[in-house]
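This report concerns only the one structure given below.
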Protein chains: 2
Amino acid sequence: MATLKDVARLAGVSVKTVSNVVNGYSFVKPDNRRRVEEALEATGYRPNLGARNLRRGRTGSIALVLPELSIPYFAELTGLVIAAAQEHEWNVLIEQTFGTLSGERSALASLGPHLVDAAILSPEALHVDDFQLSVPSVLLGEHAVDVPISRVGIDNVAAARVAVRHLISLGRKRIAAIGAHPHRGTAALRLEGYRSALEEAGLPFLDELVVPALNYHRADGAAAMKSLLDLRNPPDAVFCFNDLLAIGAMRAAAERFVRVPADLAVVGFDNNEESVYSSPSLTSVAPDKGSIARAAVDLLHRQTESPALEHVETPFSLLVRESTVAR
Amino acid sequence: MATLKDVARLAGVSVKTVSNVVNGYSFVKPDNRRRVEEALEATGYRPNLGARNLRRGRTGSIALVLPELSIPYFAELTGLVIAAAQEHEWNVLIEQTFGTLSGERSALASLGPHLVDAAILSPEALHVDDFQLSVPSVLLGEHAVDVPISRVGIDNVAAARVAVRHLISLGRKRIAAIGAHPHRGTAALRLEGYRSALEEAGLPFLDELVVPALNYHRADGAAAMKSLLDLRNPPDAVFCFNDLLAIGAMRAAAERFVRVPADLAVVGFDNNEESVYSSPSLTSVAPDKGSIARAAVDLLHRQTESPALEHVETPFSLLVRESTVAR
DNA sequence: TTTCGTCTTTACATCGTTGGAACAACGATG
DNA sequence: CATCGTTGTTCCAACGATGTAAAGACGAAA
């Protein structure tokens, strides 16, 4: 590995002059600049980022704290965050919490200026007093807990309302919701959107049609759907708080020979790639993940220069597919 | 941020003594050790990893070079690699190539001792002469190209054979294969397993039943399946070289009202979580991803201490689901 | 010619950590 | 009591980079 010293010796100048060339400092004599550039080329010099960051007092990394990479939404988002972070010369350290309180607490505890310059958090279980952060941070998604931390995400209430309105427009009357959760902020907001859409259409809000889900995995969706199908009067539509729940729900429906969308219309949330190819394909609320990733990273970049509190609302759309075609 | 210096001042000892305590050096007087530990506790000292790695001449990171995080197989694997790397105090830097030659080349070029201590590679398009690696590396999966680099993966020929034998055991006679690829090593091996299983059953190997796929995404599987269904004499079973292809194939079959498994049995490869919940659920070859991740990371760890060339074969199994129940 | 100001380069210290050598303290040995 | 080996501690240099300050070069103005 060539260092600045090696390059300097070869070019016959001081280490600092090489450093100046590498960093694009203007006042270098054309002649020296040329010699240094040749030496850089000849040695194949690459800066040692550890050393550079040590000197500059930064780590060169940001943390991305999320439940689990095997959840498609987070996998897709992670890819986009990595791409966005690259623009600011940041590495992304991924920390999986598996959606547990202890996992999230220990992830947060391990953060800190010695490890990362900033952090993107997607917590599910944290309480208000857990947020004693030592680096600039952004929360993904809205949360019930009101903490003074920047946020990036869509308007969950509006998005849920759009989804449910769509079901109503199909003429469905008994619309269920899967994914209620006692402590999860986003769940509360989506539930609120669901409630308000029913209300504006003059449909009753029925407790029996709102099914909680402790996790948001396919298995939870299947279990919830089964309980709905066991009702004396089952729903004719269901709004699931994410696509995995919806996939699970459709699977459970298929097992009971309930036809989607004829007997049951289904809407999901997140627009996973998987949902385009399921049979039937799944109507879903599609947040613009690229915008989310870019907004989060850019916001962090700004915050590392000067502290600020910002909330960014990113766009979303409803993609209508087979699971909600008119009967 | 507390440094060793701060701790040393507080404890009334030299910096090196603190360092010795932190690093578990034995010969420290009990009394000093206690004072240092109290000071560590009081200051909340965390080592500056950048500085430590600089001094130790390592980077503290390994690279994981893969096509795309949004491919479930790689998302799941990445989570496991991160967990395994943590055991060796390694961060994982993820590099996406999108399966293109240029992407893989630039990823490889950007690697190097200044960035990472080692690398896990999952290349798809690289040629032999591209492998001029400057850090210890492991290839995931088997490859046709014969390069002196360690490998971790399952026996693809055997795995494919097991999958196709299973289809044969159902009494299927016209078994297609989706996923052939001119330059992809694993594709060649799976095709070989397919061929040999047909041969041992006395079934003919028919060119028209072997469909190439340039990418291994759901869309490619759907397109391939459509072409198979357009044949004068379509297949009664299909072996797909990964689950995404199989999901796409099943989707295409559904669009043509071809019933799976009654008219068409389908087997996939990778055992994505998604495949458990599709309708019908998908029979799939399940590599032990945990073993792969652990073996790869451990192997790299050994290689950073002393160079070595090892090939590790990890276990797999065939998980039979609805897409191949007997008719 | 001297002085001044602008460009250009260099020496040096520093970021936080650890390896190595030097040194100090100590009881044990002869 | 001198010597020795073991144990414990400190000092110094170094990892590779960059910020700072100071010095050097050079032409223009006085």
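Because the structure is a prediction, the values reported are computed rather than measured.
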- Query: According to the Watson-Crick and G-U wobble definitions, with both distances under 3.5 Å, which nucleotide is paired to D:dG19?
  - Reply: C:dC12
- Item | First encountered from the 5' end of DNA chain C, between B:Thr3 and A:Asn20 | A:Asn20
- Item | Plane angle bin for B:His181 and B:Tyr216 - parallel if under 30°, tilted between 30 and 60°, otherwise perpendicular | perpendicular
- Item | For atom CG of B:Leu4 and atom P of C:dG16, their distance in whole Å | 10 Å
- Message: Using whole Å, what does the distance between atom P of nucleotide C:dG16 and atom CZ of B:Arg9 come to?
- Response: 11 Å
- Message: When you compare the side chain of A:Ser150 with that of A:Leu139, does any pair of heavy atoms fall below 4.5 Å?
- Response: no
- Task: Report the residue (B:Arg55 or B:Tyr25) whose heavy-atom-nearest nucleotide on DNA chain D is the more 5′ of the two.
- Result: B:Tyr25
- Message: Can you tell me how the ring of B:His301 sits relative to the ring of B:Trp90, calling it parallel under 30°, perpendicular over 60° and tilted otherwise?
- Response: perpendicular
- Query: Rounding to a whole Å, what distance do you find between B:Phe27:CZ and C:dA22:C1'?
  - Reply: 18 Å
- Message: Should the side chain of B:Lys5 and the base of C:dG16 be counted as holding a donor-acceptor pair, with the cut-off at 3.5 Å?
- Response: no
- Query: Atom NE2 of B:His114 and atom P of D:dG16: how far apart are they, to the nearest Å?
  - Reply: 13 Å
- Report the residue (A:Ala2 or B:Val15) whose heavy-atom-nearest nucleotide on DNA chain D is the more 5′ of the two. B:Val15
- Starting at atom CG of A:Leu115, determine the distance to atom P of C:dG16, rounded to an integer number of angstrom. 15 Å
- Side-chain donor-acceptor pair present, B:Ser70, A:Glu273, cut-off under 3.5 Å: no
- Message: When you measure from the side-chain N and O atoms of B:Arg52 to the phosphate of C:dT18, is any distance below 4.0 Å, counting only OP1 and OP2?
- Response: yes
- Query: Quick one: A:Leu54 CG to C:dA13 P, roughly how many Å, whole number?
  - Reply: 18 Å
- Is the phosphate of D:dT7, meaning OP1 or OP2, less than 4.0 Å from a side-chain N or O of B:Ser26? no
- Applying a 3.5 Å limit to both distances, which nucleotide forms a Watson-Crick or G-U wobble pair with C:dT29? D:dA2
- What nucleotide among D:dT10, D:dG8, D:dG16 has an atom nearest to a side-chain atom of B:Ser14? D:dT10
- Message: Distance alone, cut at 3.5 Å: any donor-acceptor contact between the side chains of B:Asp117 and B:Thr59?
- Response: yes
- Message: Tell me whether the side-chain N/O atoms of A:Ser19 come closer than 4.0 Å to OP1 or OP2 in D:dT18.
- Response: yes
- Item | Distance in angstrom units between B:Tyr45 OH and C:dG16 C1', rounded | 7 Å
- From D:dT10, C:dT9, D:dA17, pick the nucleotide closest to the side chain of A:Pro47? D:dA17
- When all nucleic acid strands are considered with a 4.0 Å heavy-atom cut-off, which category describes A:Asn23: base, sugar-phosphate, or nothing? sugar-phosphate
- Separation of B:Arg46 atom CZ from C:dC15 atom P, in whole Å? 22 Å
- Using a cut-off of 4.0 Å on non-hydrogen atoms, how would the nucleic acid contact of B:Lys16 be classed: base, sugar-phosphate, or nothing? base
- Message: So does B:Thr3 get a backbone contact from the side chain of B:Asp6, meaning a donor-acceptor N/O pair under 3.5 Å?
- Response: yes
- Examine D:dT18: is either OP1 or OP2 under 4.0 Å from a nitrogen or oxygen in the side chain of A:Arg56? Give yes or no. yes
